[in-house]
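For reference, the structure is listed below as structure tokens.
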Amino acid sequence: MRTLTIGIIALQGDVAEHQNMLHNALDNLGLKGNIIMIKHHGSVKSCDGIILTGGESTTLSSLLISEGINEEIIEAHNKRIPIMGTCAGMIVLAKEGDEQVKKTGQYLLSLMNIKVKRNIFGRQKDSFETEIDVKFLDRPYKGVFIRAPAIVEFGSTVTPLSYMNNVVVAAEEDNLLVLAFHPELTNDTRMHEYFLNKVLDLIENK
Ligand code: GLN
């Protein structure tokens with residue numbers, strides 16, 4: 001098996017934590033991986049998989065454009081390269097945002113057939129942790145929600161993977177995997193392992 005190259009878009013957010021989780025997930029799966037931090041144009045095309053981290057989606061949107069990384073991610077998506085977006089990363093991958101996103105003209109990569117609402121859990125519960133059931137896991141996962149968004153509408157090609165109240169907090173569409181919570185802030189590598197398995201599937205089916 002060749003060494004996998006996984007790129008973390010490292011413009012802001014929990015970059016080091018994702019890197020750490022990826023190292024552990026690669027070890028658990030017995031895989032060799034090269035994890036690269038992407039801050040500028042030019043290295044997305046060498047990636048077998050890409051992670052868009054949480055942070056602040058408005059900042060992430062602007063930085064993706066100013067660094068010229070947005071078009072590169074869209075090209076990678078067109079080649080079906082697996083992309084995992086967590087929290088703000090999920091927002092930026094969406095085709096549609098909420099009223100605030102529309103009003104401010106916030107840029108979205110518009111790759112996934114989902115409509116997201118930012119900060120949906122409100123001020124009282126800005127940040128919280130709760131056990132969630134996820135479709136592909138046999139036991140619950142600790143969801144760490146930090147001013148989290150959720151998916152309020154989705155297309156027929158999208159598979160919802162986890163619900164909280166009436167909204168979707170994890171979903172998948174072909175090569176795209178989005179999570180409203182922060183898997184990198186747990187010790188549980190199952191989400192990163194699931195993502196790496198998507199990367200492997202693509203390589204094996206090429
Ligand atoms: N509330 C942030 C946003 O709308 C996302 C928060 C996060 O990534 N933890 O961009």
Side-chain angles (χ1 to χ4, degrees), residues 6-22 37-39 49-67 69-70 73 83-132 134 141-154 160-173 176-192 194-195:
I6 309 295
I8 302 177
I9 305 298
L11 299 170
Q12 54 138 222
D14 299 330
V15 173
E17 289 84 350
H18 270 292
Q19 184 180 19
N20 193 27
M21 290 298 272
L22 272 176
M37 299 295 136
I38 299 178
K39 292 196 161 94
I50 299 164
I51 294 185
L52 276 160
T53 67
E56 189 56 43
S57 65
T58 47
T59 311
L60 184 58
S61 293
S62 327
L63 291 171
L64 284 172
I65 297 172
S66 61
E67 294 299 334
I69 297 174
N70 57 327
I73 296 175
I83 306 175
M84 173 160 85
T86 59
C87 207
M90 167 170 118
I91 298 169
V92 172
L93 285 171
K95 284 215 164 127
E96 197 179 340
D98 54 20
E99 286 314 309
Q100 197 196 356
V101 169
K102 287 178 189 156
K103 208 164 70 191
T104 58
Q106 182 182 342
Y107 171 81
L108 301 178
L109 289 164
S110 299
L111 302 182
M112 188 159 177
N113 248 312
I114 53 173
K115 176 174 178 179
V116 292
K117 186 160 164 50
R118 294 178 62 196
N119 306 318
I120 193 168
F121 299 105
R123 283 191 163 210
Q124 311 307 332
K125 291 192 286 172
D126 253 356
S127 302
F128 57 95
E129 290 179 10
T130 185
E131 297 282 308
I132 52 172
V134 179
Y141 193 88
K142 184 171 85 176
V144 179
F145 292 82
I146 303 172
R147 302 209 309 121
I151 298 169
V152 289
E153 284 172 33
F154 56 90
L161 300 172
S162 183
Y163 280 90
M164 242 204 35
N165 308 332
N166 290 325
V167 291
V168 174
V169 291
E172 179 171 49
E173 182 180 31
L176 304 172
L177 172 67
V178 291
L179 311 174
F181 46 91
H182 288 261
E184 76 285 7
L185 300 180
T186 69
N187 295 317
D188 191 339
T189 51
R190 289 179 292 165
M191 292 296 166
H192 289 78
Y194 186 75
F195 173 66

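Atoms within a ligand are numbered from 1 in the order they appear, just like the ligands themselves. Along the sequence shown, residues are numbered consecutively beginning with 1. Side chains included, hydrogens not; waters and symmetry mates left out as well; all remaining heavy atoms used.
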Just heavy atoms, cut-off under 4.0 Å: does Arg118 contact ligand 1 by side chain, backbone, both, or neither?
side chain
Can you list the atoms of ligand 1 that are under 4.0 Å from a heavy atom of Ile91?
3 (C), 4 (O), 10 (O)
Let's go through Gln106 and Ser57 carefully: what are the C-alpha distance in whole Å and the side-chain angles of both, what is the deciding distance for side-chain hydrogen bond (donor to acceptor under 3.5 Å, both in side chains) to 0.1 Å, and is it a yes or a no?
CA-CA 9 Å; Gln106 182 182 342; Ser57 65; 3.0 Å; yes
So NE2 of His192 and CD of Glu184: to nearest 0.5 Å the spacing works out to 6.0 Å
Using heavy-atom distances, let me know which of Cys87, Gly54, Ala180 sits nearest atom 7 (C) of ligand 1.
Cys87
Please work out which of the three classes, parallel, tilted or perpendicular, describes the rings of Tyr141 and Phe181, given edges at 30° and 60°.
tilted
If we only count N/O pairs under 3.5 Å, is Arg147 in contact with ligand 1?
yes
Between Thr86 and ligand 1, does any nitrogen or oxygen pair lie at a separation below 3.5 Å?
no
Which residue in the set Leu108, Leu177, Leu109, Val116 passes side chain to side chain contact (heavy atoms under 4.5 Å, CB included) when paired with Leu93?
Leu109
Return the residue, atom name and 0.1 Å-rounded distance of the protein heavy atom closest to atom 5 (C) of ligand 1.
Gly55 O, 3.4 Å
Say whether Ile146, considering both its backbone and side-chain N or O atoms, lies within less than 3.5 Å of an N or O atom on ligand 1.
yes
With salt bridge (Lys or Arg N to Asp or Glu O under 4.0 Å) as the test, would you mind laying out the steps for Glu153 and Lys95 before giving the verdict?
CA-CA 11 Å; Glu153 284 172 33; Lys95 284 215 164 127; over 6 Å; no
Look at the aromatic rings of Phe121 and Phe145 and report parallel, tilted or perpendicular, splitting at 30° and 60°.
perpendicular
Specify the protein heavy atom at minimum distance from atom 1 (N) of ligand 1: its residue, its atom name, and the distance to 0.1 Å.
Asn119 OD1, 2.6 Å
Check Leu60 against ligand 1 and report side chain, backbone, both or neither, counting heavy atoms closer than 4.0 Å.
neither
Cys87 and Ile146 have their tightest heavy-atom pair at SG-O, 3.8 Å
For Asn187 and Met21, work out which heavy atoms get closest and say how close.
C-CE, 4.2 Å
Within a distance under 4.0 Å of any heavy atom of Ser57, pick out the atoms of ligand 1 and give their elements.
3 (C), 4 (O), 10 (O)
Check whether any heavy atom of Pro149 sits under 4.0 Å from an atom of ligand 1.
no
